[in-house]
**Student:** 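Can you read through this structure? Questions will come right after.
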Amino acid sequence: MLTADEIRARLRAVRDRIDAAARRAGRAPESIRLVLASKTQPPEAIRAAYDAGAREFGENYVQEAVAKRDALGNLADLRWHLIGHLQSNKVKLAAAAFAMIQTLDSETLAAALARAHKVPPLPVLIEINLGGEASKHGVAPEAATRLIDAARSLVDVRGLMAIPPPGETAEDSRRWFVGLRELRDRLARASGLALSDLSMGMTDDFEVAIEEGATIVRVGRAVFGERLR
Ligand SMILES: *Cc1c(COP(=O)(O)O)cnc(C)c1O
């Protein structure tokens, strides 16, 4: 793990890059939320980022998040996002632990989340499998309308999330980010929902994502260094 000082400095550098990208795009820097992807990082690394001002963290596994939450004690204003696939046998635990589920990809999961978390409905993003990759979760773009129609009375659908196919450079991600934004615009018109959140962009391409409309970027290595384990 990096030292607390290193994490603080790297967090500040990422924030500066977010602000600069927002200004280049004519957007307000405060309109972009930084969710720190903390998978494999120990609670001490999360604590260091928290002490440096970070409040939102993304975890890929429900139990890993719960273990870290318990180890960190009572940090009431720390918000956890689920950014990995949700298994149906973890729904209850997830509904209690996460402020937002970014990976909704089935009506069955939406119904289970609604049973576990009735009031208020749980904030979710629909995960879109932009590249049609068999290795990734998420619904095909063509299936999103149907899922939103089914899920909107069960959970609070706030927008879309995607992990584009890997590219050589950050620019390779741009067309996928444009595609996600355009899909969001079409779905918002068709559904009448705002769908204001676009969660896209990671360490290697978050600035391009901001230029293309990201409201949430999920950044791990740029702040925490290489993944552990
Ligand atoms: C790990 C992860 C990230 C962060 O990736 P980095 O390249 O470390 O910034 C973002 N989103 C998801 C879904 C992840 O699993």
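Ligands are counted one by one from 1 in listed order, and the atoms in each one are counted from 1 as well. Computed from heavy atoms alone, side chains included, the values below leave out hydrogens, waters and symmetry copies. One is the number of the first residue; the rest follow in order along the sequence.
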**Student:** To the nearest 0.5 Å, what is the distance between OG on S38 and NE2 on H81?
**Tutor:** 10.5 Å
**Student:** Counting C-beta onward and ignoring hydrogens, is there a side-chain heavy-atom pair between I216 and L198 closer than 4.5 Å?
**Tutor:** no
**Student:** For atom 7 (O) of ligand 1, tell me which residue out of R221, E127, M202 has the closest non-hydrogen atom.
**Tutor:**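 Going through R221, E127, M202 one by one, R221 has the nearest heavy atom to atom 7 (O) of ligand 1.
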**Student:** Does the Lys NZ or Arg CZ of R55 fall within the cation-pi geometry relative to Y50 - under 6.0 Å from the ring centre and within 45° of the axis?
**Tutor:**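 Yes; both conditions hold, so R55 lies above the ring face of Y50.
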**Student:** Assess R227 for proximity to ligand 1: is some non-hydrogen atom of it under 4.0 Å away?
**Tutor:** yes
**Student:** At a 4.0 Å threshold, what atoms of ligand 1 neighbour a non-hydrogen atom of V219?
**Tutor:**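 In order of numbering, the contacting atoms are 9 (O).
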**Student:** Could you tell me how the ring of H85 sits relative to the ring of H137: parallel (under 30°), tilted (30 to 60°) or perpendicular (over 60°)?
**Tutor:** parallel
**Student:** Looking at N60, which atoms of ligand 1 are within less than 4.0 Å of one of its heavy atoms?
**Tutor:**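 Under 4.0 Å from N60, ligand 1 has these atoms: 14 (C), 15 (O).
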**Student:** Could you list the atoms of ligand 1 found under 4.0 angstrom from a heavy atom of T203?
**Tutor:** 6 (P), 7 (O), 8 (O), 9 (O)
**Student:** Looking only at protein heavy atoms, which one is nearest to atom 4 (C) of ligand 1, and what is the separation?
**Tutor:** A37 CB, 3.4 Å
**Student:** With a cut-off of 4.0 Å, which atoms of ligand 1 are near a heavy atom of I163?
**Tutor:**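 Reading through ligand 1 atom by atom, the close ones are 13 (C).
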**Student:** Nearest 0.5 Å please: distance from the CG atom of L104 over to the CG atom of L113.
**Tutor:**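 Going from CG on L104 over to CG on L113, the span is 6.5 Å.
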**Student:** Indicate yes or no: does an N/O atom of K39 lie under 3.5 Å from an N/O atom of ligand 1?
**Tutor:**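 The answer is yes, given that K39 and ligand 1 share an N or O pair closer than 3.5 Å.
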**Student:** Please assess R17 against F206 for the test side-chain contact (heavy atoms from CB on, under 4.5 Å), listing each intermediate value before the final yes or no.
**Tutor:** CA-CA 9 Å; R17 288 170 58 191; F206 68 85; 3.6 Å; yes
**Student:** Measure the distance from atom 13 (C) of ligand 1 to every protein heavy atom, then report the residue, atom name and distance (to 0.1 Å) of the closest one.
**Tutor:** I83 O, 3.3 Å
**Student:** Do R27 and I32 make a side-chain contact, defined as non-hydrogen atoms from C-beta onward lying under 4.5 Å apart?
**Tutor:**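 A side-chain contact exists here, since the closest heavy-atom pair is under 4.5 Å.
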**Student:** List the closest protein heavy-atom neighbour of atom 11 (N) of ligand 1: residue, atom name, distance to the nearest 0.1 Å.
**Tutor:** R218 NE, 2.9 Å
**Student:** In Å, rounded to the nearest 0.5 Å, how long is the span from CG of L86 to CD1 of I83?
**Tutor:**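 One gets 13.5 Å once the value is rounded to the nearest 0.5 Å.
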**Student:** Using distance alone, decide if ligand 1 has a nitrogen or oxygen within less than 3.5 Å of any nitrogen or oxygen in G220.
**Tutor:** yes
